[in-house]
Amino acid sequence: MNHQTRRAITAFLIAFCFGTFAKGDTSREILDATGIQGGLIVHVGCGDGKLTAALRANDSFIVHGLDADAKNVEAARKHIQSLGLYGKVSAGQWDGKRLPYADNLVNLIVTSGECRVTPEEMLRVLAPNGVVLDARHPSPVTLRKPWPKEIDEWPQHFHGADNNAVARDSVVGPPRRFQWIAEPQWSRSHLGLPSVTSMVSSKGRLFDIEDQASAEHPSLP
């Protein structure tokens with residue numbers, strides 16, 4: 001465990017002791033307080049699913065509710081289905097301890113009711129700059145996962161202003177699991193320019209130029 005992680009866990013425990021968010025606040029206020037603008041939201045202790053569904057403020061979000069009680073999960077699913085949101089918002093039963101996600105995947109964890117998940121487990125699934133918010137308590141304190149110093153950014157076409165296309169990153173390596181899948185599903189051409197070019201990344205966001213034309217080879221009739 002590195003120094004950044006230890007400090008984040010200490011802040012998390014302090015937040016739980018003193019409380020982190022007012023019970024009656026809306027999903028919009030939760031999103032405003034955390035600054036999360038898209039990605040995967042996990043609602044731990046989703047209950048009847050009303051807050052779970054409301055957390056999908058727009059098409060930039062996917063929301064997954066978790067609850068250890070099968071009756072709560074059934075109620076949450078019925079509510080989500082009644083809104084026509086199921087798929088974009090979903091709910092599932094779990095053991096209450098280990099979060100069923102790959103490392104560095106979740107952008108926001110909202111907890112309601114009793115939560116037995118350890119800070120270390122929450123930090124495992126949170127993406128860098130991801131946030132945990134406890135929806136039970138009165139002050140807007142959150143846990144934010146720090147950006148690891150071992151993960152570099154790629155803010156320009158050749159990494160930096162010196163045009164030396166080498167990252168200062170000690171984490172990158174062969175992929176071991178899916179974190180997300182994005183379009184285009186089929187490459188434009190493997191004989192010419194690739195479908196995705198000029199990708200850059202900064203502050204947890206990716207930008208690229210995509211050729212979304214037909215996957216057929218342009219030289220063929």
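Inter-residue side-chain proximity for P128 and P148 is flagged as met; some heavy-atom pair is nearer than 4.5 Å. Here the side chains of H159 and D152 are in contact, with some heavy-atom distance below 4.5 Å. Taking the side chain as every heavy atom from C-beta outward, V44 and I109 approach each other to under 4.5 Å. Counting heavy atoms from C-beta on, the side chains of V131 and L143 never come closer than 4.5 Å. Taking the side chain as every heavy atom from C-beta outward, F61 and L40 never approach each other to under 4.5 Å. Looking at V42 and L66, their side chains come closer than 4.5 Å, going by heavy atoms from C-beta outward.
With hydrogens and angles ignored, the 3.5 Å screen pairs no side-chain donor or acceptor of K145 with any backbone N or O of A127. At distances below 3.5 Å, not a single donor-acceptor pair connects side-chain atoms of Q156 with backbone N or O atoms of V200. Although no hydrogens or angles enter the test, the distance criterion places a donor-acceptor pair under 3.5 Å between the side chain of T34 and the main chain of I30. Using modelled atom types, no side-chain atom of W147 and backbone atom of K149 make a donor-acceptor pair closer than 3.5 Å. A donor-acceptor distance shorter than 3.5 angstrom exists from the side chain of R116 to the backbone of D95, with no hydrogens or angles considered. Although no hydrogens or angles enter the test, the distance criterion places a donor-acceptor pair under 3.5 Å between the side chain of R77 and the main chain of A91.
Note: W94 CH2 to D69 CG = 13.5 Å, rounded to the nearest 0.5 Å. Residue I209 holds its CD1 atom at 4.5 Å from OG1 of T197, rounded to the nearest 0.5 Å. Rounding to the nearest 0.5 angstrom, the gap separating the CE atom in M122 from the OG1 atom in T111 is 5.5 Å. To the nearest 0.5 Å, atoms CD1 (I80) and CG (D48) are separated by 9.5 Å. Annotation: the span from S198 atom OG to D208 atom CG amounts to 8.5 Å, rounded to 0.5 Å. Within the model, atoms CG of L99 and NE2 of H64 stand 10.5 Å from one another, a figure rounded to the nearest 0.5 Å.
Shortest non-hydrogen contact noted between V110 and L55 is CG2-CD1, 4.2 Å. Residues V125 and Y101 share a closest heavy-atom pair of CG1-O, 4.0 Å. Summarising the geometry of S201 relative to L206, their closest heavy-atom pair is CB-CD2, 3.4 Å, with the distance given to 0.1 Å.
When each of L85, I41, V89 is tested with T52 by the rule side chain to side chain contact (heavy atoms under 4.5 Å, CB included), just one qualifies, namely V89.
A donor-acceptor pair shorter than 3.5 Å cannot be found between the side chains of D67 and H43.
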Full working for side-chain contact (heavy atoms from CB on, under 4.5 Å) between L51 and S27: CA-CA 7 Å; L51 176 58; S27 59; 4.0 Å; yes
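Summarising the local packing, CZ of R176 is surrounded by 12 or fewer heavy atoms from other residues, nucleotides or ligands at distances under 6.0 Å.
A salt bridge is defined here as a Lys NZ or Arg NE, NH1 or NH2 lying under 4.0 Å from an Asp or Glu carboxylate O, and R124 with E121 meets this definition.
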